[in-house]
Amino acid sequence: MNIQPAGAPSVWDQVYTAVQAERGKSVYEARCGRCHGDDLHGVNASPLAGEGFLLHWEGRTVERLFRKIADTMPPDAAGTLSGRDAIDTVAYVLQENAFPAGSTALVADPAALGVLEIKSAPGRPAVVHHGSLVESIGCLARDRDDGWLLIDATEPQAATLDAPPAARDAASPMPGGTHQIPLMNVFPNPAAHKGHTVRAKGFLIRQDAGDRINVVTLEMLDSRCRR
């Protein structure tokens, strides 16, 4: 017997079949691949797999994805996919994003699809979207345009402005990561903390050239940087 996860129904509830996804793969290759790429990561259209897919679709419903495919794809022949081809393509997209297959196929029923949420794996932090309030910890440094950035920085994570500062054992290693994140609108001038470990909170600006943080607060955590 299949035990469903707690909470609202989602794409983790084995909502399509492998056979259905295989049919969808054929439709995708014939009608979608030239724009979205053989690997679904996008050529001259948005990605349909990986983080790029979740950045746009997380929190939305399968019904919305189905309608997008059925009503507007492919752009030069919008609305020409049959309902079965569109729903099978949805199944293929779910499979390529590692959502599990089951024994019951998806059906092109707006009411049924409208309760199925697209979301990250259980227990994994949700993908942080453009414009979200985030925080990152890293070493404050000058960039080559005399601006500010974090080096050896952690992946930006969702944050709140009213969260109390987290206590840290002074003997523990400096927190950090592998990212380099430019900072925007840093005020007041943080020059006194150059070379210090800081926590930057602000709004995430996602760009093709890399993420930036439009800073709201900058908190000095330690006079050392992780090396």
Side-chain angles (χ1 to χ4, degrees), residues 10-102 105-106 108 113 116-132 134 136 150 153-158 177-182 203-213:
S10 78
V11 287
W12 293 98
D13 294 346
Q14 301 178 331
V15 298
Y16 69 95
T17 67
V19 170
Q20 184 179 31
E22 191 62 28
R23 293 197 306 264
K25 180 180 180 181
S26 297
V27 178
Y28 178 88
E29 289 174 344
R31 307 295 298 276
C32 314
R34 69 181 183 274
C35 293
H36 294 279
D38 293 341
D39 60 359
L40 285 74
H41 282 77
V43 177
N44 56 3
S46 58
L48 292 175
E51 183 176 292
F53 172 74
L54 285 173
L55 279 171
H56 182 74
W57 287 99
E58 184 162 32
R60 302 175 189 264
T61 66
V62 174
E63 192 272 338
R64 188 163 179 172
L65 177 61
F66 169 70
R67 288 263 62 96
K68 177 73 172 177
I69 292 172
D71 295 346
T72 69
M73 298 291 122
D76 58 354
T80 59
L81 288 179
S82 68
R84 172 169 163 163
D85 282 352
I87 199 66
D88 289 349
T89 303
V90 170
Y92 177 59
V93 170
L94 296 182
Q95 181 186 71
E96 290 302 291
N97 282 279
F99 300 120
L106 272 175
L113 299 178
L116 295 176
E117 183 184 1
I118 298 170
K119 62 182 184 179
S120 299
R124 179 179 175 181
V127 173
V128 181
H129 296 262
H130 174 82
S132 297
V134 298
S136 177
L150 298 182
T154 58
E155 178 76 23
Q157 299 291 327
T178 59
H179 297 271
Q180 181 168 296
I181 304 175
F203 297 101
L204 182 65
I205 308 300
R206 287 203 179 272
Q207 299 175 319
D208 291 341
D211 295 344
R212 296 172 178 265
I213 294 178

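By the side-chain contact (heavy atoms from CB on, under 4.5 Å) test, S132 pairs with V128, H129, V134, sequence neighbours left out. With sequence neighbours left out, the ring-ring contact (aromatic ring centres under 6.0 Å, His included) criterion links F66 to no other residue. Y28 pairs by the ring-ring contact (aromatic ring centres under 6.0 Å, His included) definition with Y92, not counting sequence neighbours.
Atom CD1 of residue I213 and atom CG of residue L204 lie 6.5 Å apart, to the nearest 0.5 angstrom. Note that the NE2 atom of H130 and the CG atom of L55 stand 11.0 Å from one another [nearest 0.5 Å]. One finds the CD atom of E117 at 12.5 Å from the CH2 atom of W12 (value rounded to the nearest 0.5 Å).
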Name the atoms and distances for all side-chain donor-acceptor pairs under 3.5 Å in residues 43-51, with sequence neighbours left out.
none

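Contact check for R67 versus L113: no side-chain heavy atoms found under the 4.5 Å cut-off. Inter-residue side-chain proximity for V93 and Y16 is flagged as unmet; no heavy-atom pair is nearer than 4.5 Å.
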task: Determine, stepwise, if the pair V90 / L106 fulfils side chain to side chain contact (heavy atoms under 4.5 Å, CB included).
output: CA-CA 9 Å; V90 170; L106 272 175; 3.8 Å; yes
field: side chain to side chain contact (heavy atoms under 4.5 Å, CB included) between E58 and S120, worked out
entry: CA-CA 7 Å; E58 184 162 32; S120 299; 2.7 Å; yes
query: Can you check side chain to side chain contact (heavy atoms under 4.5 Å, CB included) on H36 and M73, steps first, answer last?
result: CA-CA 11 Å; H36 294 279; M73 298 291 122; 4.1 Å; yes
task: Go through R64 and I118 one step at a time and tell me if the side chain to side chain contact (heavy atoms under 4.5 Å, CB included) criterion holds.
output: CA-CA 10 Å; R64 188 163 179 172; I118 298 170; over 6 Å; no
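Minimum interatomic distance between D71 and A78 (heavy atoms only, all atoms of both residues): O-CB, 3.6 Å. Heavy atoms only, all atoms of each residue included: A153 and L150 are closest at CB-CB, 3.8 Å. Annotation for A18 and A101: closest pair N-CB, 3.8 Å, computed over non-hydrogen atoms.
Under the side chain to side chain contact (heavy atoms under 4.5 Å, CB included) test applied with L94, the options L116, V11, T89 reduce to a single match, V11.
In this structure, the side chain of S136 engages the main chain of T154 through a donor-acceptor pair within 3.5 Å.
Residues in residues 26-41 take part in these salt bridge (charged side-chain N to carboxylate O under 4.0 Å, His left out) pairs, two or more places apart or across chains: R34-D76. Within the structure, salt bridge (charged side-chain N to carboxylate O under 4.0 Å, His left out) pairs that include any residue of residues 82-91 comprise R23-D88, R84-D88 (at least two apart or interchain).
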